[in-house]
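Worksheet for the structure shown next.
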Amino acid sequence: MKFFFFICFLLISLNADEMQRLESIVKDIEKLRIDYEFSQTKLQECQTSLQTQKENLANNEIYINKIKNLENQIKKLENSLKNKNKNTVKIKEKKIISLNNKINTDKCIEKKDNEFPNLKMREKQEKDTTPTTYRLNQDSIIYSSIDGKEIAKWEKSTSFTSTLRIGKWIQISGYFVNKQWQKAQKQIWVKASNALKRD
């Protein structure tokens with residue numbers, strides 16, 4: 001009977017070990033499944049990240065190519081500008097040389113043809129120093145001196161005073177601003193043909 005119990009005990013012990021072993025295998029399988037799922041998730045994340053990086057890289061290459069194209073266009077424009085500037089300078093140099101040649105030629109012709117030029121007697125300019133008030137009969141240029149630089153343009157009907165008239169020119173001694181007379185601060189002249197005496 002003891003032997004029988006011993007065999008039963010032995011069988012139960014063996015079965016218990018087998019059960020524990022089976023439970024251990026099941027736990028290992030469960031753990032492996034969890035690890036597999038985690039690995040699959042990580043793999044998908046890595047694939048997504050890799051795809052994004054590839055797309056970014058493709059976009060970067062597109063932008064790099066665009067930048068290279070723009071740089072090439074800029075270089076071409078710079079070269080064309082340099083060439084235009086060189087051509088413009090050459091053309092201007094040629095014009096200057098031709099003008100200098102023409103001037104020198106004209107001087108030579110003048111010297112040959114006109115060694116003793118006829119001198120004209122200077123016309124005696126009429127001088128009038130009577131104080132007078134004038135009005136412009138048209139829009140007129142105002143000059144810094146007789147046959148001098150243009151310094152202003154006055155409208156028709158502008159009134160002014162003068163104490164000096166020389167030939168075809170009138171010196172403006174003062175003018176009216178808002179019906180107030182102001183003395184001219186510097187010499188200014190107008191052509192006599194553009195002015196009428198006021199009564």
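As the structure is a prediction and not an experimental result, all values here were calculated from the model.
Under the ring pair (Phe, Tyr, Trp, His ring centres under 6.0 Å) criterion, Trp169 pairs with Tyr143, not counting sequence neighbours. Tyr63 pairs by the side-chain hydrogen bond (donor to acceptor under 3.5 Å, both in side chains) definition with nothing, not counting sequence neighbours. In this structure Lys68 satisfies the side-chain contact (heavy atoms from CB on, under 4.5 Å) test together with Ile64, sequence neighbours excluded. Annotation: side-chain contact (heavy atoms from CB on, under 4.5 Å) contacts of Lys179 (sequence neighbours excluded): none. For Ser157, the side-chain contact (heavy atoms from CB on, under 4.5 Å) criterion is met by Arg135, not counting sequence neighbours. Listed by chain and residue number, Thr132, Tyr134 satisfy the side-chain contact (heavy atoms from CB on, under 4.5 Å) test with Lys197 (two or more places apart in sequence, or in another chain).
Between the side chain of Asn137 and the backbone N or O of Leu196, no donor-acceptor pair lies under 3.5 Å. Checking side-chain atoms of Ser162 against main-chain N and O of Ile170 turns up no donor-acceptor pair under 3.5 Å. Side-chain atoms of Thr52 come within 3.5 Å of backbone N or O of Thr48 as a donor-acceptor pair. Between the Thr41 side chain and the Glu37 main chain, a donor and an acceptor come within less than 3.5 Å of each other. Proximity of a side-chain donor or acceptor of Ser193 to a complementary backbone N or O of Lys191 within less than 3.5 Å is not detected. Within the 3.5 Å criterion, the main-chain N or O of Trp154 finds no donor-acceptor partner in the side chain of Thr158.
Separating the CG atom in Leu43 from the CD atom in Gln47 is a distance of 4.5 Å, to the nearest 0.5 Å. Of the inter-residue distances, the one linking Leu57 atom CG with Leu50 atom CG reads 10.5 Å to the nearest 0.5 angstrom. With rounding to the nearest 0.5 Å, the separation of NZ in Lys186 from OG in Ser145 is 11.5 Å. Rounding to the nearest 0.5 Å places CD of Gln187 at 10.0 Å from CD1 of Ile151. Lys54 contributes atom NZ, which lies 11.0 Å from atom OG of Ser49 (distance to the nearest 0.5 angstrom). Between atom CD of residue Gln73 and atom CD of residue Glu71 there is a gap of 11.0 Å, rounded to the nearest 0.5 Å.
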Go through it in stages, so that I can follow the logic: the residues are Val190 and Ile142, the test is side-chain contact (heavy atoms from CB on, under 4.5 Å), and I'd like the CA-CA distance, side-chain angles, deciding distance and then a yes or no. CA-CA 5 Å; Val190 68; Ile142 305 301; 4.1 Å; yes

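Residues Glu30 and Arg33 are paired through a salt bridge, judged by an N-O separation under 4.0 Å between the basic side chain and the carboxylate.
In the model, Thr161 has a side-chain atom that pairs as donor or acceptor with a side-chain atom of Ser173 under 3.5 Å. Judged purely by distance below 3.5 Å, without hydrogens or angles, the side chains of Ser144 and Trp189 never pair a donor atom with an acceptor atom.
Under a hydrophobic clustering in which Ile, Leu, Val, Met, Phe, Trp and Tyr are joined whenever their side-chain heavy atoms come within less than 4.5 Å, directly or via other members, Ile188 and Ile146 fall into different clusters. Following chains of ILVMFWY side-chain contacts shorter than 4.5 Å, one can reach Val177 starting from Ile172, so the two form part of one hydrophobic cluster.
A heavy-atom distance below 4.5 Å is not found between the side chains of Lys153 and Ser140. Contact annotation: the side chain of Glu150 approaches that of Ile141 to within less than 4.5 Å [non-hydrogen atoms, C-beta and beyond].
No more than 12 heavy-atom neighbours from other residues, nucleotides or ligands sit within 6.0 angstrom of CD on Glu155.
Nearest heavy-atom pair, Phe160 versus Ala195, reported as atom, atom and distance to 0.1 Å: CZ-CB, 3.8 Å.
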